[in-house]
Amino acid sequence: MTTSSTTSSAASADGSGILPAELEDLVTLFDVRATDSPTPDAEREAALQAPKFGTVFTDHMARISWRQGDGWLDRRIEKYGPLQLDPATAVLHYAQEIFEGMKAYRHADGSVWTFRPDANAARFARSAHRLALPALSVDDFIGSIAALVRADIDWVPSGEDFSLYLRPFTFASEAFLGVRPTAEAEYLVIASPVGPYFAGGVKPVSIWIDEHYHRSGPGGTGDAKYGGNYAASLLPQQLAAEKGFDQVCYLDATTNTSLEELGGMNVFVVMADGSVHTPELTGSFLEGVTRSSILQLAADRGHQAVERRLPLAEVVAGLQDGTVREIFACGTAAVITPVGRLAGDEFDLQVSGGEPGELTMAIREELTDIQYGRAADRHGWMRRLA
Ligand code: COI
């Protein structure tokens, strides 16, 4: 068990902790090949009004190509558009790919910032290692994001809960059918203006605890941000949706007794004594950047913030006897989302009377205040992009 006074994950998630000082130099490395058919202003403004998560994309994408022996080549910003792939392209067969999720936030003075990009860069490098893909440097990762945001600056929305979602990813682009690491890869960043992740805004979601399927297991790919983990979550998610639930929470694959994570989010439990608990990192689920930031913010407020094994039986009993007061999910896309109902094969329980929990919403507000520049950035998490 780890309490956040030792903040194990908060510290490690920061990776190098260093944002390259010379952001301008990094951006300059990208050759801007601007589209000759940008989206008309009126069309873009209409698209920014109420974008459904991940459905609208900006005019450009950042791109770097990699070849074994040559390294990363041809840094560029180019027109957003379809990729032409040979049917034998390795990623289509063996799923060798990784991704990240980040956001660019517009502050009241018009400047555009992102949140802890060095932590995402470090995780992207760890994911690359696990998937036998070439690692991108922190400089290229942050330079590509800044170059894309600058090219598509008019696509960064303003307003509460609106942001430009950034999706960096690398995939095996070599055309071959042998099972071995690729000798060619493509790194891209695409950007999508987004509002609240869930259609209902910040309303409590319902969670189905799946006791039959796992996304990943010990020694697997669960702590890499790898598409296959998400593919494995689609059937359980579909089955839960058929039962009327918004999301699935998975249990550990070894004992099938402890909470691990949701399909695309980490999970927290708030106890009646004010302590805040989240499953300890086991290597089989993702170390979320939002997760480690929440551990820090909860500790700053004087709450005991604990990473430990979180048995389902304890959470169910705690909801029944009142020792569990709130549950919430978190991630870059979902930010902090209250949970209002938790159910499984043998239980169906309301959480916080079906309303957003008080501490859940207080931490959410504090986090978003930092991200949108309304509160002091006392941990140095924000990086200006433009
Ligand atoms: C994120 O929170 O950024 C994610 O990657 C979750 C999901 C959209 C895949």
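Positions are given from 1 along the sequence. Just so it is clear, the values below take in all heavy atoms, side chains as well, and ignore hydrogens, waters and symmetry mates.
- No cation-pi contact links R33 to F30, judged by a cut-off of 6.0 Å to the six-membered ring centre and 45° from its axis.
- For the pair R291 and F285, the cation-pi test (distance below 6.0 Å, angle within 45°) is failed.
- The number of heavy-atom neighbours closer than 6.0 Å to OH of Y213, taken from other residues, nucleotides and ligands shown, is 12 or below.
- No salt bridge links R75 with D31; every basic N to acidic carboxylate O contact stays at or beyond 4.0 Å.
- A salt bridge does not link R374 with E365: every distance from a Lys NZ or Arg NE/NH1/NH2 to an Asp or Glu carboxylate oxygen is 4.0 Å or more.
- In the displayed structure, R44 atom CZ is contacted under 6.0 Å by more than 12 heavy atoms of other residues, nucleotides or ligands.
- Around CD of E346, the count of heavy atoms belonging to other residues, nucleotides or ligands within 6.0 Å does not exceed 12.
- A salt bridge links E78 with R63: at least one charged nitrogen is closer than 4.0 Å to a carboxylate oxygen.
- Heavy-atom contacts from other residues, nucleotides or ligands closer than 6.0 Å to NZ of K52 number 12 or fewer.
- The closest side-chain heavy-atom distance from T114 to I142 is not below 4.5 Å.
- The side-chain heavy atoms of L166 and V149, taken from C-beta on, include a pair separated by under 4.5 Å.
- The environment of NE2 in H93 is crowded: more than 12 heavy-atom neighbours from other residues, nucleotides or ligands sit within 6.0 Å.
- The backbone N or O of L131 lies less than 3.5 Å from a partner atom in the side chain of Q96, making a donor-acceptor pair.
- Checked by atom type, the side-chain pair H379/D300 shows a donor-acceptor distance below 3.5 Å.
- For E358, the CD atom counts as loosely surrounded, since its 6.0 Å shell holds 12 or fewer non-hydrogen atoms of other residues, nucleotides or ligands.
- Residue Y105 is tested with W381, W113, Y372 for a ring pair (Phe, Tyr, Trp, His ring centres under 6.0 Å); the sole match is Y372.
- Between R67 and E174 there is no salt bridge, since no side-chain nitrogen of the basic residue lies less than 4.0 Å from a carboxylate oxygen of the acidic one.
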